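Encoded as structure tokens, the structure appears first; notes follow it.
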Amino acid sequence: ASLRRFQRLHGPAGLEFAAYIPFAFIWGALSDRRGSRKPFLLMGLVGQGVMYAIIPFVPNIWALYAARFIEGIFATALAFSPDGQLLAASGEAGRAGLWRVANRRGMTLGVFTMGMLLGNAAGAPLGGQLSDRLGYAAPFLAGTAVLLVVAALVALFVRDTSGLAHAYSFRDAMAVLRTSPRLYVP
């Protein structure tokens, strides 16, 4: 009953976000176990790009629901991977020495977050203009192109983080929250 109410309130976009909760834990745990974030970042970029290419052509609302959920699974890999990649890389020199800011990790994440927020704020108006001028599929196909170009750039220029010293389990994370409840406050 609660899933039906959620779908009624949020529709296909809500299903994308419904995928975030379980898959944030899944991708995070797999990334920690592997000791690597770059493969998950690439999987998220390519997977979300493919789903963006499919969405304008789905034949019915149920296929749209499924496509948005699957797209949300890939989007979740993008939601956690760049943060971890930036934090891990912020103490190391990238190819151009861009991340030599070990004592400025907060600034690094702030710049990254600002970029995400600007992208979200500009996406709807730009997508509306593309849709008005070129048709409904245009914003999705433009998004696909951007994601695939970024995937290529990541594959070529982003160094993967070194292995983690210790992979934390979900139980370990919850224990930290119990001992430090101030972490609940964003």
Side-chain angles (χ1 to χ4, degrees), residues 3 5-28 31 37-90 94 96 98-99 101 105-158 186:
L3 180 59
R5 183 172 183 273
F6 183 83
Q7 289 172 340
R8 210 173 40 248
L9 290 173
H10 303 288
L15 285 176
E16 174 187 0
F17 295 113
Y20 282 17
I21 295 168
F23 281 92
F25 290 110
I26 291 168
W27 296 144
S31 174
R37 299 216 188 316
K38 186 175 177 179
F40 295 92
L41 182 58
L42 288 169
M43 175 197 59
L45 288 164
V46 172
Q48 195 172 20
V50 168
M51 293 312 299
Y52 274 7
I54 291 170
I55 286 173
F57 307 107
V58 296
N60 59 52
I61 191 70
W62 299 108
L64 178 62
Y65 284 161
R68 287 296 289 194
F69 185 80
I70 294 166
E71 187 264 330
I73 291 170
F74 290 115
T76 305
L78 291 177
F80 88 90
S81 291
D83 289 350
Q85 188 78 18
L86 284 174
L87 280 176
S90 63
L98 295 175
W99 299 114
V101 289
R105 288 182 176 174
M107 183 213 59
T108 302
L109 284 176
V111 169
F112 174 73
T113 301
M114 181 183 66
M116 284 183 57
L117 292 173
L118 287 173
N120 287 334
L126 291 175
Q129 290 296 316
L130 275 174
S131 181
D132 286 347
R133 293 180 183 176
L134 302 174
Y136 171 72
F140 291 99
L141 298 176
T144 295
V146 168
L147 287 164
L148 295 179
V149 166
V150 171
L153 292 172
V154 167
L156 293 172
F157 298 111
V158 173

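If you're wondering where the values come from, they're calculated on a predicted model, not measured in any experiment. These values consider heavy atoms only, across backbone and side chains, with no hydrogens, waters or symmetry-generated copies.
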Any Val50 side-chain heavy atom under 4.5 Å of Ile54 side chain: yes

Is there side-chain contact between Trp27 and Ile73, with heavy atoms separated by less than 4.5 Å? yes

Rounded to the nearest 0.5 angstrom, the CG-CG distance for Leu41 and Leu45 is 5.0 Å

How far does CD1 of Ile55 sit from OH of Tyr136, to the nearest 0.5 angstrom? 7.5 Å

Looking only at heavy atoms, which two atoms of [X] and [Y] are closest? And how far apart?
X: Thr76; Y: Gly72; value: OG1-O, 2.7 Å
X: Ala63; Y: Val58; value: CB-CB, 3.9 Å
X: Ala155; Y: Lys38; value: O-NZ, 3.2 Å
X: Gln48; Y: Ala75; value: NE2-CB, 3.5 Å
X: Ala142; Y: Leu130; value: CB-CD1, 3.8 Å
X: Phe74; Y: Met51; value: CD1-CG, 4.1 Å

